[in-house]
Novice: 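Before I ask anything, here is the structure I am working with.
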Amino acid sequence: MPERRSWPAIILGFVIAAIGVVLTGGGIWLATLGGSLYYGLAGVAMLFAGVMLMRSRMLGAYAYIAVVAATVLWAFFDASSNLVWALVPRIIAPVVLLVATFLVMPTLTRAANRWKLAGAGVGVAVVATALLFTFLGTRDVSVAALPAPNSIGMMDPSGMATGADWPAYGGTGAARRYSPLTQINAGNVAQLKQVWLAHTGDMPSDAAAAAQYGAETTPLKVGNALYLCSAKNIMISLDAATGKERWRFDPKVPNAWIPYTAACRGVSYYAVPNAAPGSLCARRLIEGTLDARLIAVDAETGRPCSDFGTNGQVDAKIGMGKVFPGLVSINSPPVIIRGIAVTGHQTLDGQQRWEPSGVIQGFDAVTGKLRFAWDMKHPEWNSYPPEGQQWSRGTPNMWTIASGDEALGLVYLPMGNSTVDYWSTMRSPVENSFATSIVALDVTTGKPRWTFQAVKNDVWDYDFGSQPTLIDYKGKAALLVSSKQGDIYVLDRATGRPLTPIGTIRAPGGGVEPSQRAPTQIVSLWQTLRKAPLTESDMWGMSPIDQMICRINFRRASYKGFFTPPETTRHSIEYPGYNGGTDWGSVAVDPARGVIVANYNDMPNYVRLVPRAEADKKGWFTREQKADMARQDKGGNASRGGKPHAEGAGDPQAETPYAIDVNAGWQMPFTGMLCKQPPYGGIRAIDIATGKTIWDRPFGSARKNGPFGIPSYLPFTIGTPNNGGSVVTAGGLIFIAAATDDLFKAIDLRTGKIMWQTALPAGGQATPMVYEQNGRQYVVLMTGGHHFMKTPIGDQVIAWALPTKG
């Protein structure tokens with residue numbers, strides 16, 4: 001019999017017993033699915049310990065101490081990698097209850113030294129846990145030698161140069177995101193200060209628009225001016241030294257035309273050959289808009305170029321047939337090769353099979369006249385469709401940023417998929433041949449010269465998002481290509497022939513379209529950002545309970561490794577998810593040292609194809625259907641329309657048998673925590689000469705991340721999701737924001753360690769740029785935030801520089 005009745009022990013015992021009941025039930029379920037036996041056994045032991053404590057028996061405390069000891073041993077056995085974060089849900093919550101157990105033990109005995117023993121137990125538990133995580137957390141990553149700078153380096157075939165200027169979205173037409181400036185370097189970057197801040201003035205007018213904002217803008221710098229576009233395509237010029245606004249031009253894009261994201265990644269600069277100096281639009285800016293127009297304005301004044309199309313604009317939707325607002329948009333700057341502005345466009349994912357065409361168009365950069373159009377289903381057409389016809393609907397599009405080789409006259413198109421992404425039966429052979437490919441288009445003919453396909457018959461939304469980069473590789477003019485799957489390839493720029501090793505893997509069959517699945521898929525044998533296939537032990541959470549739930553869902557889902565096809569009766573796991581690997585932020589290349597810098601995501605998606613009848617009951621309709629329903633409701637009731645959501649999270653995929661439900665990142669529905677253990681993002685330096693990793697580190701801190709969407713403000717590097725790219729400088733630094741911690745960082749190219757960081761007023765989901773003005777080096781970033789990344793939106797353009805002497 002107990003010496004005394006202890007209410008603290010009774011309360012603690014009830015909590016432990018309740019957890020034990022949950023773990024027992026869930027553990028039995030997990031065991032029947034072939035999963036770990038730990039949860040069921042631990043649940044039974046905790047239930048026993050809890051009952052004993054509720055009876056005020058010291059045996060309950062001893063039993064729980066034994067549970068924690070066994071849990072620690074199991075945790076090290078079960079956590080095969082990344083011990084710091086893998087151990088958090090396995091150990092932290094049990095240790096919290098262990099501390100409580102030590103504190104209630106003195107209430108179960110009259111021993112004279114009971115409180116001293118309890119204090120000692122608490123001290124040992126807390127100190128041992130702190131020392132354990134400190135020891136594990138201080139282990140550094142291995143770092144290989146950084147290649148020495150080459151005085152010759154790689155020649156830039158674009159004819160542009162960074163340094164004083166930043167004349168193209170990727171720095172130059174080679175898209176290397178590199179600056180030769182050295183004024184800011186590893187030795188003095190800690191002194192970096194904000195020197196000016198400007199506002200675009202483009203903030204959302206209502207809550208619906210706010211739920212879709214994500215500017216993604218990288219400014220250009222030419223001469224004394226910066227040029228940029230806001231989230232809704234307002235073109236702005238700023239003084240490069242002060243940030244003071246020089247002019248702005250608003251194309252007045254209606255909110256109805258915002259697609260998935262209100263984003264303008266940048267504008268393109270073009271100097272007209274042989275134009276009279278000082279004449280209107282001799283130097284011009286061209287941008288694509290969210291309502292799919294191309295607009296040209298004078299770089300000096302912002303006035304529309306009267307010689308370009310009609311009043312300075314061209315409608316890129318001509319020839320597409322019916323286009324409902326939001327289904328066609330241009331959010332990336334056109335690439336200008338041999339005086340032709342080549343543009344693709346985004347067709348909104350997940351709406352319907354026969355959305356508008358993915359046609360690629362080339363417009364004269366001076367007159368705006370259509371010089372060519374590539375409709376893959378109508379290769380015989382080279383201009384607008386014949387009267388009464390339209391460009392082929394539903395074909396693969398290019399929504400991201402292309403690059404080009406002026407000498408070869410080739411534009412390198414990172415192609416997406418046919419509409420829709422997760423159902424392939426209705427695609428034509430020609431669509432399958434160009435989807436999820438790099439297509440080299442000849443700007444003189446508008447016809448493909450070569451194609452490199454990364455995924456056969458893609459049903460994973462693995463379209464190419466990254467801008468290809470022009471490099472030299474072992475004496476050959478090469479194209480560096482990175483994919484959402486995490487694979488990095490080097491191709492011959494003239495022929496598309498792989499210059500680095502490529503292998504094949506057996507791809508799993510099954511799914512709802514087994515006859516459509518390719519038996520093999522290609523992978524890079526040179527360099528990949530992909531990690532090992534997921535296992536049950538990779539599941540995570542705040543505590544053993546939600547980790548167990550994620551394990552159960554892992555076991556219930558279909559997961560056959562890389563390229564697991566989607567199913568309808570259960571979820572499937574897509575790893576990596578559609579956000580990468582690498583996405584539109586692309587990679588940076590130091591041409592002097594021969595180093596690639598790649599930030600990447602490392603998260604799965606939890607996917608299910610939803611039968612049409614079920615999707616209709618859920619109200620998963622197209623934008624056009626929702627608008628029709630709202631019009632039919634008196635008073636314009638748009639309740640059926642739903643709210644903006646993450647891409648794929650309830651997309652209708654109309655005109656096919658299935659809608660699609662994508663849980664991007666595989667988040668728990670209540671806490672918002674991700675089911676896969678960290679890191680969720682990383683950054684890696686790669687030696688181009690060998691393809692070997694120099695270093696690889698988790699990227700992004702837990703500062704703005706936490707359960708229930710509540711920022712933890714913990715300074716630990718956890719490796720967060722990221723969108724946006726980096727720039728690398730001859731000063732040996734990498735500048736990057738991108739992560740969800742709302743920090744702008746300078747990273748040592750040699751070691752990968754953070755040398756400087758500063759808090760941002762909004763999310764930094766954009767790629768920075770670097771330039772020099774009046775002998776001073778500046779680093780500039782647009783902090784527009786991003787709805788998908790759940791970071792605060794903003795309209796700030798911020799410049800940093802070293803303090804001036806005196």
Novice: Answer yes or no: is there a side-chain heavy-atom contact under 4.5 Å between V797 and L238?
Specialist: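 Contact flag for V797/L238 side chains = yes.
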Novice: ring-ring contact (aromatic ring centres under 6.0 Å, His included) with Y578: which residues, sequence neighbours excluded?
Specialist: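 With neighbours one apart ignored, the set is empty.
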Novice: Report yes if the side chains of F249 and I234 come closer than 4.5 Å at any heavy-atom pair, otherwise no.
Specialist: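 No, side chains not in contact.
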Novice: For V481 and I488: C-alpha separation, side-chain torsions, deciding distance, then whether side-chain contact (heavy atoms from CB on, under 4.5 Å) applies.
Specialist: CA-CA 6 Å; V481 176; I488 300 178; over 6 Å; no
Novice: Any side-chain donor-acceptor pair under 3.5 Å between E245 and S237?
Specialist: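 On atom types as modelled, these side chains do not qualify, holding no pair under 3.5 Å.
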Novice: Just so I know, are the side chains of P180 and Y178 near enough to count as touching, which here means a heavy-atom distance under 4.5 Å?
Specialist: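 They are in contact (side-chain heavy atoms under 4.5 Å apart), so the answer is yes.
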Novice: Are the aromatic ring centres of W374 and F434 under 6.0 angstrom apart?
Specialist: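 Yes: the rings meet the under 6.0 Å criterion.
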Novice: Is there a donor-acceptor contact under 3.5 Å linking the side chains of D291 and S329?
Specialist: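 No, S329 and D291 have no side-chain donor paired with an acceptor closer than 3.5 Å.
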Novice: Can you classify the ring geometry of H378 versus W381 as parallel (below 30°), tilted (30 to 60°) or perpendicular (above 60°)?
Specialist: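 Parallel: the ring planes of H378 and W381 meet at under 30°.
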Novice: Please name all residues satisfying ring-ring contact (aromatic ring centres under 6.0 Å, His included) with W257, sequence neighbours left out, ordered by chain then number.
Specialist: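 Checked W257 against ring-ring contact (aromatic ring centres under 6.0 Å, His included); zero matches.
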Novice: Determine the sole option in V595, V490, V589 for which the side-chain contact (heavy atoms from CB on, under 4.5 Å) test with I688 is passed.
Specialist: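 Testing each of V595, V490, V589 against I688, the sole residue satisfying side-chain contact (heavy atoms from CB on, under 4.5 Å) is V589.
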Novice: Would D307 and R284 count as a salt bridge (Lys or Arg N to Asp or Glu O under 4.0 Å) here? Give the steps.
Specialist: CA-CA 11 Å; D307 56 353; R284 61 185 61 197; 3.0 Å; yes
Novice: As an exercise, state the distance from CG of L480 to CD1 of I596, rounded to the nearest 0.5 Å.
Specialist: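 It is 4.5 Å, given to the nearest 0.5 Å.
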Novice: Write out all pairs satisfying salt bridge (charged side-chain N to carboxylate O under 4.0 Å, His left out) with one or both partners inside residues 399-412, taking only residues at least two apart or from two chains.
Specialist: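 Of all non-adjacent pairs touching residues 399-412, those that pass salt bridge (charged side-chain N to carboxylate O under 4.0 Å, His left out) are D405-R493.
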Novice: Would you say the side chain of I337 lies within less than 4.5 Å of the side chain of V342, judging by non-hydrogen atoms?
Specialist: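 In short, these two side chains do not touch, never coming nearer than 4.5 Å.
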Novice: One thing to verify: whether K484 and D463 come together as a salt bridge, which I'm taking to mean a side-chain N less than 4.0 angstrom from a carboxylate O.
Specialist: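 Looking at K484 together with D463, the answer is yes, because their closest N to O distance falls below 4.0 Å.
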Novice: Does A174 have any side-chain contact (heavy atoms from CB on, under 4.5 Å) partners at least two apart in sequence or in another chain, and if so, which?
Specialist: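 Scan of A174 (side-chain contact (heavy atoms from CB on, under 4.5 Å), adjacent residues dropped) gives D156, P157, T172, R176, L470.
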Novice: Tell me which pairs pass salt bridge (charged side-chain N to carboxylate O under 4.0 Å, His left out) where either residue lies in residues 318-345, with sequence neighbours left out.
Specialist: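 Salt bridge (charged side-chain N to carboxylate O under 4.0 Å, His left out) check on residues 318-345 returns K322-E624.
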Novice: Counting only heavy atoms not in K244, do more than 12 sit closer than 6.0 Å to its NZ atom?
Specialist: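 No, not enclosed.
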Novice: Going by ring-ring contact (aromatic ring centres under 6.0 Å, His included), name the residues that satisfy it together with F464, two or more places apart in sequence or in a different chain.
Specialist: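 With sequence neighbours excluded, F464 shows a ring-ring contact (aromatic ring centres under 6.0 Å, His included) to no residue whatsoever.
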Novice: How would you list all residue pairs meeting salt bridge (charged side-chain N to carboxylate O under 4.0 Å, His left out) that involve residues 325-335, not counting sequence neighbours?
Specialist: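 For residues 325-335: none.
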Novice: The criterion is salt bridge (Lys or Arg N to Asp or Glu O under 4.0 Å); which residues satisfy it with E431, sequence neighbours excluded?
Specialist: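 Listed in chain order: R353, K377.
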Novice: With rounding to the nearest 0.5 Å, note down the distance linking CG in L228 to OG1 in T217.
Specialist: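 These two atoms lie 6.5 Å from each other.
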Novice: With a 4.0 Å cut-off, would you call R283 and E300 a salt bridge?
Specialist: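 Salt bridge present between R283 and E300.
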Novice: Could you tell me whether E380 atom CD has more than 12 heavy atoms of other residues or ligands within 6.0 Å of it?
Specialist: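 Yes.
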Novice: Report the distance from atom CD1 of I286 to atom CG of L294, rounding to the nearest 0.5 Å.
Specialist: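 Going from the CD1 atom of I286 to the CG atom of L294 covers 7.0 Å.
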Novice: Listed by chain and number, what are the salt bridge (Lys or Arg N to Asp or Glu O under 4.0 Å) partners of D461, not counting sequence neighbours?
Specialist: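 With neighbours one apart ignored, the set is empty.
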Novice: Report yes if the side chains of K476 and R497 come closer than 4.5 Å at any heavy-atom pair, otherwise no.
Specialist: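 Yes, at least one pair of side-chain atoms sits under 4.5 Å.
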Novice: Just do the side-chain contact (heavy atoms from CB on, under 4.5 Å) check on I734 and V727 with the steps written out, would you?
Specialist: CA-CA 6 Å; I734 302 161; V727 298; over 6 Å; no
Novice: Does Q765 reach the side chain of F788, with side-chain heavy atoms less than 4.5 Å apart?
Specialist: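 No, too far: nothing below the 4.5 Å cut-off.
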Novice: Quick check against the 3.5 Å criterion: does S357 have a side-chain atom that pairs as donor or acceptor with the backbone of R393?
Specialist: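 A pair under 3.5 Å: no.
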Novice: Using a 4.5 Å cut-off on heavy atoms from C-beta on, say whether the side chain of L348 contacts that of Y260.
Specialist: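 Counting from C-beta outward, Y260 and L348 do come under 4.5 Å.
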Novice: Thinking salt bridges, do K232 and D202 make one under a 4.0 Å N-O criterion?
Specialist: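 No.
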Novice: What are the two closest heavy atoms between R177 and G585, and how far apart are they?
Specialist: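 Reported closest heavy-atom pair: NE-O, 3.8 Å.
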Novice: Is there a side-chain contact between P259 and L290, using heavy atoms and a 4.5 Å cut-off?
Specialist: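 Yes, close enough: below the 4.5 Å cut-off.
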Novice: Indicate yes or no: does D165 engage K221 in a salt bridge with an N to O separation below 4.0 Å.
Specialist: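 Salt bridge flag = yes for K221 with D165.
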Novice: Output the distance between atom OG1 (T310) and atom CZ (R293), rounded to the nearest 0.5 Å.
Specialist: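 Spacing of OG1 (T310) from CZ (R293) equals 12.0 Å.
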Novice: Could you grab the distance from atom CG of N579 to atom CH2 of W584, nearest 0.5 Å is fine?
Specialist: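 Here the rounded value is 10.0 Å.
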Novice: Return yes if a side-chain donor-acceptor contact under 3.5 Å exists between T289 and N233, otherwise no.
Specialist: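 There is no such pair (donor and acceptor under 3.5 Å, judged by atom type) between the side chains of T289 and N233.
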Novice: For residues T261 and H787, is any side-chain donor paired with an opposing acceptor at under 3.5 Å?
Specialist: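 Per modelled atom types, T261 and H787 side chains form a pair under 3.5 Å.
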Novice: Give me the atom names and distance for the closest heavy-atom approach of L410 to A440.
Specialist: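 Nearest heavy atoms, L410 then A440: CD1-CB, 4.3 Å.
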Novice: With E216, which residues qualify under salt bridge (Lys or Arg N to Asp or Glu O under 4.0 Å), at least two apart?
Specialist: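 For E216 the salt bridge (Lys or Arg N to Asp or Glu O under 4.0 Å) partners, ignoring immediate neighbours, are R265.
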Novice: So for atom CG, which belongs to N224, do other residues, nucleotides or ligands contribute more than 12 heavy atoms lying within a distance under 6.0 Å?
Specialist: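 No.
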Novice: Does either side chain, that of S466 or that of T582, offer a donor lying less than 3.5 Å from an acceptor on the other one?
Specialist: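 Side-chain D/A pair, S466 to T582: present.
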Novice: For F735 versus A746, what's the shortest heavy-atom pair and its separation?
Specialist: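 Scanning both residues, the minimum pair turns out to be CE2-CB, 3.7 Å.
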Novice: Run the salt bridge (Lys or Arg N to Asp or Glu O under 4.0 Å) test against D239 and tell me which residues pass, sequence neighbours left out.
Specialist: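 Checked D239 against salt bridge (Lys or Arg N to Asp or Glu O under 4.0 Å); zero matches.
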Novice: Restricting to ring-ring contact (aromatic ring centres under 6.0 Å, His included), what partner residues turn up for F372, sequence neighbours left out?
Specialist: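 Per chain and number, F372 pairs via ring-ring contact (aromatic ring centres under 6.0 Å, His included) with no residue.
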Novice: Is any NZ, NE, NH1 or NH2 atom of the basic residue among R371 and D364 found under 4.0 Å from an Asp or Glu carboxylate oxygen of the other?
Specialist: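 Counted as a salt bridge, because a side-chain N and a carboxylate O are separated by less than 4.0 Å.
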Novice: Indicate the atoms forming the closest heavy-atom contact of L280 with P304, along with that distance.
Specialist: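 So the minimum-distance heavy-atom pair works out to CD2-O, 4.3 Å.
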Novice: Would you compute the distance between atom OG1 of T301 and atom CZ of R246 and round it to the nearest 0.5 angstrom?
Specialist: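 Answer rounded to 0.5 Å: 9.0 Å.
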Novice: For a quick check under 3.5 Å, do T347 and N397 share a side-chain donor-acceptor pair by atom type?
Specialist: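 There is such a pair between these side chains.
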Novice: Could you check T436 against M415 for side-chain contact (heavy atoms from CB on, under 4.5 Å), going step by step and ending with a plain yes or no?
Specialist: CA-CA 5 Å; T436 319; M415 297 298 293; over 6 Å; no
Novice: Verify the ring-centre separation between F744 and W800: is it less than 6.0 angstrom?
Specialist: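 Yes: the rings meet the under 6.0 Å criterion.
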Novice: For the residue pair Q390 and G321, what are the closest heavy atoms and their distance?
Specialist: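 Residues Q390 and G321, closest heavy atoms: OE1-CA, 3.5 Å.
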Novice: Would you name the heavy atoms of V328 and K317 that are closest together and state the gap between them?
Specialist: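 Heavy atoms only, the tightest pair is CG1-CG, 4.3 Å.
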